[in-house]
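Predicted model only: the values in this text are computed from it and were never measured.
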Amino acid sequence: MTNTVTDLFLSLTPEKVLQAVERGGLRCNPVCYALNSFENRVYEIELEDKTRIVSKFYRPGRWSMDQLMEEHQFLNDLEQAEIEVCGVLPFPDGSTIKRVDHIYYCLYPRKGGRAPDELSDQDIERLGMMVARMHNVGAKRPAEHRIRLCSKTYVHDNLAYLADNKVIPDHFESRYFAAARAIADIMDERMDGVATHRIHGDFHLGNVLLRDERFYALDFDDMVVGPAVQDMWLLIPGRGRDVKRKHEIWCTAYEQFREFDWQTLNLVEPLRGLRYIHYAAWLARRWHDPAFPATWPHFGSEDYWAQETVDLEEQLQICRMSDPNAEPDSAENDEEELTNKDFFWDMED
């Protein structure tokens, strides 16, 4: 069944998309455009009245109905609190999720705007306050079925998959696994006693929309239960004195609406390591999708795993430092250049 459903997902066409939306109770014009998304399939659709909406078809096997409902519940809670998000549109019968050929799908309003290229100090302040308000809402309701941002889900489960499927060449596997497990141990130690709640989980610039001088939070597909600091460091990646300064601006602004545990800044580097591991496993899990070999042709090569292993070992050393932000003293290291490859798994370069 899983392979059959996956085949149907990979073979989605505009015609099938329009048929599915009409089965949900909406009349469409024959206008349907695919939008950029690797994890899911996302389309812009024109309705009979000439208005445009966006339909997202979730990749089968990733989320259960309960998990999807918790994503939509979080979005609804945020909208009720008048926080700027791109919420889910109900179908005519009031539901927010439909299923066609065992593939879940939903609808969103089409919002124009752009992702900011960079953030000014004022932008960082605004987003710090916005995320604090999001987290106030996130902490009010549990999400029992969503995954936890922790070493088990982001490291140990992924290592088990990589090992079972023999993804990593034998001569790199032991080194890669040793570094990954050591980062997991550091994460566990530093997470002891840290509060967790519903968070965005993937709050990088690609998931921020600037429209009419207002910021909107997009794409809660990776919503998790985790520490608040996760929704900061992806927004302000890198290392060095200026990044540390920006983190302080964000945290100070955050505290205008919600208390921030400043000690959790020591989670930034372990969280970065977890993301490296999760990203590599994500590519391995999706390799059957033709879009992935076409986009990441170097994945799985000797050179790829050699570099990944070195990068992870270097990340482990950084995690072991008490204050990695204070280390770089030279101008060339003050702003480390980081790419979409490092952080943004559902965003094209």
Side-chain angles (χ1 to χ4, degrees), residues 9 20-21 23-26 37 39-43 53-100 102-111 127 129-150 152-154 194-204 206-209 214-232 234-235 254 257-259 278 345-346:
F9 175 75
V21 174
R23 283 176 58 180
L26 298 171
S37 178
E39 183 61 18
N40 302 301
R41 295 293 184 264
V42 183
Y43 300 85
I53 60 171
V54 173
S55 182
K56 177 165 73 172
F57 290 74
Y58 291 96
R59 184 177 291 270
R62 184 172 184 227
W63 300 124
S64 67
M65 173 63 87
D66 287 336
Q67 289 171 320
L68 292 177
M69 289 303 298
E70 287 180 339
E71 175 197 346
H72 291 193
Q73 179 68 66
F74 191 20
L75 284 167
N76 182 66
D77 291 346
L78 292 169
E79 286 190 303
Q80 292 299 313
E82 298 184 344
I83 297 172
E84 289 83 359
V85 297
C86 186
V88 186
L89 289 175
F91 289 93
D93 65 3
S95 66
T96 60
I97 300 175
K98 295 289 185 182
R99 191 168 68 167
V100 59
H102 302 282
I103 302 170
Y104 294 115
Y105 65 100
C106 64
L107 306 175
Y108 294 91
R110 178 185 178 276
K111 286 187 180 291
L127 287 167
M129 290 185 283
M130 177 185 186
V131 173
R133 294 175 60 222
M134 286 170 48
H135 289 177
N136 280 334
V137 173
K140 289 182 178 179
R141 189 194 302 267
E144 298 176 0
H145 303 285
R146 296 299 289 201
I147 67 171
R148 271 52 185 165
L149 177 49
C150 62
K152 179 184 182 302
T153 53
Y154 275 64
V194 172
T196 61
H197 48 76
R198 295 181 297 176
I199 61 174
H200 185 288
D202 195 31
F203 199 57
H204 56 71
N207 283 333
V208 176
L209 181 71
R214 301 178 72 176
F215 287 117
Y216 291 81
L218 307 180
D219 194 2
F220 282 70
D221 191 61
D222 286 294
M223 167 201 159
V224 293
V225 175
V229 71
Q230 171 71 7
D231 282 348
M232 179 204 71
L234 281 172
L235 195 67
Y254 184 100
F257 287 90
R258 181 176 176 83
E259 183 179 358
H278 199 54
W345 31 68
D346 204 20

From Leu78 atom CG to Ile83 atom CD1, the distance as rounded to the nearest 0.5 Å: 5.0 Å
Glu79 versus Gly87, closest heavy-atom pair with distance: OE2-CA, 3.6 Å
Does Glu70 have any side-chain hydrogen bond (donor to acceptor under 3.5 Å, both in side chains) partners at least two apart in sequence or in another chain, and if so, which? none
Any idea which heavy atoms bring Cys86 and Pro109 closest together, and the distance? SG-O, 3.8 Å
Reported CG-to-CD distance for the pair Asp222 and Gln230, which is rounded to 0.5 angstrom: 9.5 Å
Show the nearest heavy-atom pair for residues Val42 and Ser37, with the distance to one decimal. CG2-CB, 3.7 Å
What's the separation between atom OG1 in Thr96 and atom CZ in Phe91, rounded to the nearest 0.5 Å? 8.0 Å
Measure across Pro227 and Ile199 and return the closest heavy-atom pair with its distance rounded to 0.1 Å. O-CD1, 3.5 Å
My understanding is that only residues two or more places apart in sequence, or in another chain, count here; which of them pass salt bridge (charged side-chain N to carboxylate O under 4.0 Å, His left out) with Arg214? Glu84
Partner of Tyr58 under side chain to side chain contact (heavy atoms under 4.5 Å, CB included), chosen from Arg41, Gln67, Glu71: Glu71
Could you tell me whether Arg59 and Asp221 have a side-chain N and a carboxylate O separated by less than 4.0 Å? no
Taking side-chain hydrogen bond (donor to acceptor under 3.5 Å, both in side chains) as the cut-off, I'd like each qualifying pair that reaches into residues 133-146, sequence neighbours left out, listed once. Asp77-Arg141, His135-Asp231, His135-Tyr254, Asn136-Arg258
OH of Tyr108 to CG of Leu89, rounded to nearest 0.5 Å, is 9.5 Å
Can you run down the ring pair (Phe, Tyr, Trp, His ring centres under 6.0 Å) pairs that involve residues 60-83, sequence neighbours left out, and say none if there aren't any? Phe74-Phe220
Where the side chain of His200 meets the backbone of Asp219, is there a donor-acceptor pair that is under 3.5 Å apart? yes
Interatomic spacing from CG in Leu218 to CZ in Phe203 - rounded to 0.5 Å: 8.5 Å
Would you mind reporting whether Phe257 and Val131 have side-chain heavy atoms less than 4.5 Å apart? no
Smallest heavy-atom separation, Gly24 atom then Tyr105 atom, equals N-OH, 4.0 Å
Identify, with sequence neighbours excluded, every residue that meets side-chain hydrogen bond (donor to acceptor under 3.5 Å, both in side chains) alongside Arg99. none
NZ (Lys111) with more than 12 external heavy atoms under 6.0 Å: yes
State which residues pass side-chain hydrogen bond (donor to acceptor under 3.5 Å, both in side chains) with Asn76; sequence neighbours excluded, sorted by chain then number. none
Rounded to the nearest 0.5 Å, how far does CG of Leu68 lie from NZ of Lys56? 8.0 Å
One pair to check against side chain to side chain contact (heavy atoms under 4.5 Å, CB included): Val21 and Lys98. What are the steps and the verdict? CA-CA 9 Å; Val21 174; Lys98 295 289 185 182; over 6 Å; no
Walk me through whether Asp93 and Ser95 qualify under side-chain hydrogen bond (donor to acceptor under 3.5 Å, both in side chains). CA-CA 6 Å; Asp93 65 3; Ser95 66; 2.7 Å; yes
Taking every heavy atom of Pro92 against every heavy atom of Gly25, the minimum-distance pair comes out as CG-O, 3.4 Å
Taking it one step at a time, do Val229 and Val194 satisfy side chain to side chain contact (heavy atoms under 4.5 Å, CB included)? CA-CA 11 Å; Val229 71; Val194 172; over 6 Å; no
Check whether any side-chain N or O of Thr153 sits under 3.5 Å from a backbone N or O of Arg148 as a donor-acceptor pair, and report yes or no. yes
